[in-house]
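Side chains included, hydrogens not; waters and symmetry mates left out as well; all remaining heavy atoms used.
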Amino acid sequence: MPRAQYDIAVGDLSGTRAVVTGASDGVGLGIAMTLAGAGAEVVMPVRNQPKGQAAAALIREQHPRAKLSLEALDLSSLESVATLGDRLLREAVPIHLLINNAGVMTPPDRQTTADGYELQFGTNHLGHFALTGHLLPLLKAGRARVTSQTSIAARSGTINWDDLNWAHNYDGMGAYRQSKIAVGLFGLELSRRSAAERWGITSNISHPGVAPTSLLAARPELGRADDTMGVRIIRWLSARGLIVGTVDSARLPALMAAVAPDAMDCTFYGPQWPGNVGGPPGEQKLWKPLRSNENAARMWTASEQLTGVEFS
């Protein structure tokens, strides 16, 4: 079945500095490629330096004049996050776009970050929360747009308030859902706090739908020796233009949220096909787990306590 082609127009981003986490492959690489092609200077913080170098080389193959800088970042280590924050603060270059995109998904057995937090909650949410907090002066200086990438998994589930770190009765998908609900709540709460404190930052959220990325692929370091059945099915459907998206289409909601002229603050963007698993990007209604301002404020307070990072 032929697949409908769609894209979004991205204007000239010359003079824009963008930070994109998870830019070494998949959706993040597609986002970084598009921004670099539009003239932005793209900062690529990555955990795996050889993989990051390969991604940067691929971008330069398509855009020889791309302005890229590769940085070391392990979102599962608050020390690593602080080190990158300090380095960029010393550079004192305003940041205009921050796309919190990187993530890990469903290790079969519970793993923890360098700081002892459940790996998915610690990496997907706390790492990005801390990074945004460390970069706050540069985001203010750039009157930045922050786009945080949640997941279709966040359309259901809850925050395990009694055990945020899933120390008891670990459920890989439950913990993943929580981490991505937390990301969404953070992105919306950041918008509200920026407005209240007059930081000059706008913040919205997006999700990529379902696409054959590496999230469910074999990841020996996560205890997953082989591709999951889920990713095999997703690849099969994607290759035939059925239901789900592609890695290329999955980059579009975050790009729309970050750079589209009519993209709005405190708004949610995702694919528009039924079920929001694929299709062209657009604005969509908040899922129920993302609607509580009270939960967002509560998660913000918990995140400040757990990371030691305060937005001041």
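Here the closest heavy-atom approach between residue Met44 and residue Leu68 is recorded as SD-CD2, 4.2 Å. When all heavy atoms of Asp115 and Leu78 are compared, the pair lying nearest together is OD2-N, 2.9 Å. Nearest heavy atom pair, residue Gly278 against residue Pro271, reads O-CB, 3.2 Å. Ile31 and Ala254 get closest at one heavy-atom pair: CD1-CB, 3.8 Å. When all heavy atoms of Val10 and Leu13 are compared, the closest pair comes out as CG1-CD1, 3.8 Å. Across all their heavy atoms, Val183 and Gln149 have their closest contact at CG1-O, 3.5 Å.
A heavy-atom distance below 4.5 Å is not found between the side chains of Gln178 and Thr158. Side-chain contact between Ser303 and His125: present, with at least one pair of heavy atoms (C-beta onward) separated by less than 4.5 Å. By the 4.5 Å heavy-atom criterion applied to side chains, Gln120 and Pro107 are counted as neighbours. The closest side-chain heavy-atom distance from Val20 to Leu35 is below 4.5 Å. Looking only at side-chain heavy atoms (C-beta outward), Leu88 and Val93 stay at 4.5 Å or farther from each other. By the 4.5 Å heavy-atom criterion applied to side chains, Met256 and Ser206 are not counted as neighbours. Between Leu138 and Pro94 there is no side-chain heavy-atom pair separated by less than 4.5 Å.
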Could you give me the CA-CA distance, side-chain angles and deciding distance for Leu136 and His134, then say whether side chain to side chain contact (heavy atoms under 4.5 Å, CB included) is met?
CA-CA 6 Å; Leu136 187 62; His134 285 299; over 6 Å; no
Met264 and Tyr269: side chain to side chain contact (heavy atoms under 4.5 Å, CB included), yes or no, with the steps?
CA-CA 10 Å; Met264 293 179 287; Tyr269 294 87; 3.9 Å; yes
Where do Val42 and Leu97 land on the side chain to side chain contact (heavy atoms under 4.5 Å, CB included) test, with the steps shown first?
CA-CA 9 Å; Val42 181; Leu97 294 173; over 6 Å; no
Show, in sequence, the C-alpha distance, side-chain angles and deciding distance for Glu91 and Arg17, and conclude whether the salt bridge (charged side-chain N to carboxylate O under 4.0 Å, His left out) test is met.
CA-CA 12 Å; Glu91 286 184 355; Arg17 191 177 220 207; 2.8 Å; yes
Apply side chain to side chain contact (heavy atoms under 4.5 Å, CB included) to the pair Leu29 and Val247, showing each step before the final yes or no.
CA-CA 10 Å; Leu29 174 55; Val247 175; over 6 Å; no
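Ion pair Asp7/Arg251 flagged as a salt bridge, since at least one NZ, NE, NH1 or NH2 atom sits closer than 4.0 Å to an Asp/Glu carboxylate oxygen. Glu71 and Arg87 are joined by a salt bridge, as a carboxylate oxygen and a charged side-chain nitrogen come within less than 4.0 angstrom of each other.
Between Phe311 and Trp300, the ring planes are tilted. Angles from 30° to 60° get that label. Using a 30° and 60° split on the angle between ring planes, Trp166 and Tyr170 fall in the perpendicular class, above 60°.
Under the 3.5 Å distance criterion, the side-chain polar atoms of Ser249 are matched with a main-chain donor or acceptor of Thr246. Side-chain atoms of Gln284 never come within 3.5 Å of backbone atoms of Gly282 as a donor-acceptor pair (strictly under, hydrogens ignored). Listed for the Arg110 side chain is no donor-acceptor partner under 3.5 Å among the backbone atoms of Asp171. Panel note: side chain Arg47, backbone Leu73; no donor-acceptor pair is recorded below 3.5 Å. Tyr117 contributes a side-chain N or O that, together with a main-chain N or O of Leu306, makes up a donor-acceptor pair within less than 3.5 Å. Looking only at distances, no side-chain donor or acceptor of Thr16 sits under 3.5 Å from a matching main-chain atom of His96. Remark: side-chain polar atoms of Arg155 are paired, donor with acceptor, to backbone N or O of Gly275 under 3.5 angstrom.
A continuous path of Ile, Leu, Val, Met, Phe, Trp and Tyr side chains, each step under 4.5 Å between heavy atoms, connects Leu190 with Phe129, placing both in one hydrophobic cluster. Hydrophobic clustering keeps Val146 apart from Val259 (ILVMFWY residues linked when any side-chain heavy atoms are closer than 4.5 Å, directly or through intermediates). Following chains of ILVMFWY side-chain contacts shorter than 4.5 Å, one can reach Leu89 starting from Leu139, so the two form part of one hydrophobic cluster. Taking hydrophobic clusters as Ile, Leu, Val, Met, Phe, Trp and Tyr residues chained together by side-chain heavy-atom distances below 4.5 Å, Leu164 shares a cluster with Leu126. Hydrophobic clustering (ILVMFWY, side-chain heavy atoms < 4.5 Å, transitive): Met299 and Phe186 are in distinct clusters.
Rounded to the nearest 0.5 Å, atoms CD (Glu189) and OG1 (Thr301) are 8.0 Å apart. In this structure, CD1 in Ile99 is found 10.5 Å from NE2 in His128, a value given to the nearest 0.5 Å. Between atom CH2 of residue Trp287 and atom CD1 of residue Ile205 there is a gap of 8.0 Å, rounded to the nearest 0.5 Å. The line from CD of Glu118 to OG1 of Thr112 is 9.0 Å long, rounded to the nearest 0.5 Å. Atom OG1 in Thr123 sits 7.0 Å away from atom CG in Asp74 (nearest 0.5 Å). The line from CG of Leu135 to NZ of Lys140 is 12.5 Å long, rounded to the nearest 0.5 Å.
For the side chain to side chain donor-acceptor pair (under 3.5 Å) with Asn124, the qualifying choice from Ser179, Ser151, Ser76, Ser148 is Ser179, the only one to do so.
A donor-acceptor contact closer than 3.5 angstrom is absent between the side chains of Ser24 and Asn48. For the residue pair Ser191 / Asp265, a side-chain donor-acceptor distance below 3.5 Å is found, with atom types taken as modelled. A donor atom on one side chain and an acceptor atom on the other are found under 3.5 Å apart for Asn204 and Thr147.
Residues Phe268 and His207 place their aromatic rings such that the two centres sit under 6.0 Å apart.
Taking a 6.0 Å sphere around CG of Asn169, one finds it holds 12 or fewer heavy atoms contributed by other residues, nucleotides or ligands. Counting non-hydrogen atoms of neighbouring residues, nucleotides and ligands closer than 6.0 angstrom, the CZ atom of Arg143 reaches no more than 12 such neighbours.
Trp161 carries Arg298 over the face of its six-membered ring, with the cationic atom under 6.0 Å from the centre and within 45° of the normal.
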